[in-house]
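Convention: sequence-line order gives letters A, B, ...; per-chain numbering from 1.
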There are 2 protein chains.
Amino acid sequence: MTPSERPRRRGRPTAPLLSQEKITAAAVELIEARGYTALTMAALARQLGVAPSALYNHVESKRQLLLWLQDHVNKEIDCSGFGDRPWDVALESWAHSYREAYARHSLLVPVIAVTPIAGSPHTVAMYETVAAGLRAGGWPDDQVMDVVVAIESFVLGSALDAAAPDDIFDVPGDQAPVLAEVVGARVGRDAARAAFDLGLATVLAGLRERLKALAG
Amino acid sequence: MTPSERPRRRGRPTAPLLSQEKITAAAVELIEARGYTALTMAALARQLGVAPSALYNHVESKRQLLLWLQDHVNKEIDCSGFGDRPWDVALESWAHSYREAYARHSLLVPVIAVTPIAGSPHTVAMYETVAAGLRAGGWPDDQVMDVVVAIESFVLGSALDAAAPDDIFDVPGDQAPVLAEVVGARVGRDAARAAFDLGLATVLAGLRERLKALAG
DNA sequence: ACCTGAACACCGTTCAAGT
DNA sequence: ACCTGAACACCGTTCAAGT
């Protein structure tokens, strides 16, 4: 309650209707209800009971809004394994959690892949945790980011794949007989999930092998 | 020169100004000159010397144009290793070629990841070649597509990462000390490439191990 | 400081009208 | 069959005007 340098304006103090938190929350609500195509500045303003132009007093652009959403999504990703569990176990559950989050927000993937993380506090915190966990697990400093980026690339690619329809590889059998057979030979229901699990297990096995070779 | 069933119209035969090939070629030219943001239907029409509405006599939508571009890009991907080289060597050069192609067309990545391949002949041909190569290499039918999709997810995620600025992980050292250190510890110039190479080598090592375990 | 309302410069797409 | 020109329904964003 320190006295403000400038005199208080008269009338009601008129607390702002909007804020980063409110805008982000409304955007999440909109996306969960009607998907990313419904996320327009006009629809967002409507959700907040405000004119579209009012948004621009709080957010620079729609792109910045997407970065706020990135940070919001990243906040939910599970990094708890780093610290108490072995690095490979922690990496595995992080990757699973990461993929699941962006399978629901796949439109963000192309944006976050090319945007500096500095402005996103939760995102920075996530990378700090992962980097520290890998270092503690014995990875040399000059390879930590390569491991992180490699896993992340696989995770984000898999998140996009998770949004694909089940029949994406269906094809007339006479055009591509081998493809038709191996596509038909896939068992179970969630093909995208199976491919992710195989890839992740494979990559972890390869990483363990590599770290062992480095140590020995 | 078989006689047409319908009588020839009088006047000049008026060969169409546009075709899938011409439109695709013009789009590629536009993208290479000024990037994907410059690829609008109006700009494309301008490039072809035609009214924007004329495009819709040949292409259903901008989305379909992007699928034509996908097929055009996939045609250039190197699958030559499958057939004469061992499956893992072929897979490695395929993955490299695949990543390079989509690093230059990263805007297509979110589109192709969710679009059925049936309408794209070169794309189907590519998957047929890869599937046949993996089968010939000893992979069981029910795992071939999991391997393909896992590699593809990693490749497409890496292609997005390749489009990122070099300083994407730069961060004030006091906020995230470990991150700042490991980011600084990366050697060489092309960090995205290094991460891809590490990830690909790792995944291939893991796959060889897995196939050996299956066989034994 | 923060909001409204009107306007702007684009998008992709449709459609009647011409040949 | 294939093109033009005008129109439509949106976008994100800006800005003067109000409080």
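- Remark: C1' of D/dC3 and CG of B/Leu48 are 13 Å apart, rounded to the nearest angstrom.
- For A/Pro52, counting side-chain heavy atoms from C-beta on, the closest listed nucleotide (C/dT14, D/dT13, C/dC3) is D/dT13.
- In this structure, A/Ile23 places its CD1 atom 11 Å from P of C/dC2, rounding to the nearest Å.
- When each of C/dT13, C/dC2, D/dC3 is scored by its nearest atom to the side-chain atoms of A/Asn57, the top-ranked nucleotide is C/dC2.
- Distance B/Leu44 CG to D/dC3 P: 13 Å, rounded to the nearest Å.
- Considering only side-chain atoms of B/Tyr56, the nucleotide from D/dG12, C/dT14, D/dT13 that sits closest is C/dT14.
- Residue B/Gln64 contributes atom CD, which lies 10 Å from atom P of C/dT13 at whole-angstrom precision.
- Counting only heavy atoms from C-beta on, B/Pro16 has its side chain closest to D/dC2 among D/dC2, D/dG12, C/dG12.
- Between the NZ atom of A/Lys62 and the C1' atom of D/dC11 there is a distance of 9 Å, rounded to whole Å.
- Nearest to the side chain of A/Ala51, among C/dC3, C/dG12, C/dT4, sits C/dT4.
- Shown here, D/dC2 forms a base pair with C/dG18; the pair counts as Watson-Crick or G-U wobble because both key distances fall under 3.5 Å.
- Checking side-chain atoms of A/Asp71 against main-chain N and O of A/His122 turns up a donor-acceptor pair under 3.5 Å.
- Checking each of A/Val155, A/Leu160, A/Ile77 against A/Tyr102 for a side chain to side chain contact (heavy atoms under 4.5 Å, CB included) leaves exactly one that passes, namely A/Ile77.
- With D/dC3, D/dT13, C/dT13 as the candidates, the nucleotide lying closest to the side chain of B/Leu18 is D/dC3.
- Using a 4.0 Å heavy-atom cutoff across all strands shown, A/Ser53 reaches at least one base atom of the nucleic acid.
- Following rounding to the nearest Å, B/Met41 (CE) and D/dC3 (P) show an atom-to-atom distance of 13 Å.
- Within the structure, a side-chain polar atom (N or O) of A/His58 is placed less than 4.0 Å from OP1 or OP2 of C/dC3.
- Taking the six-membered ring where the residue is Trp, A/Tyr36 and A/His105 present perpendicular rings, their angle passing 60° and hence far from 30°.
- Comparing C/dT4, D/dC11, D/dC3 by their nearest atom to the side chain of A/Thr40 picks out D/dC11.
- In this structure, CZ of B/Arg46 is placed 14 Å from P of D/dG5, rounded to the nearest angstrom.
- Going from atom CG of A/Leu65 over to atom P of D/dC11 covers 15 Å, rounded to whole Å.
- Between B/Asp197 and B/Arg193, at least one side-chain nitrogen of the basic residue sits less than 4.0 Å from a carboxylate oxygen of the acidic one, meeting the salt-bridge criterion.
- Side-chain contact, B/Thr123 with B/Asn74: a donor N or O sits under 3.5 Å from an acceptor N or O.
- Pairing of D/dT13, defined by two Watson-Crick or G-U wobble distances under 3.5 Å, is identified with C/dA7.
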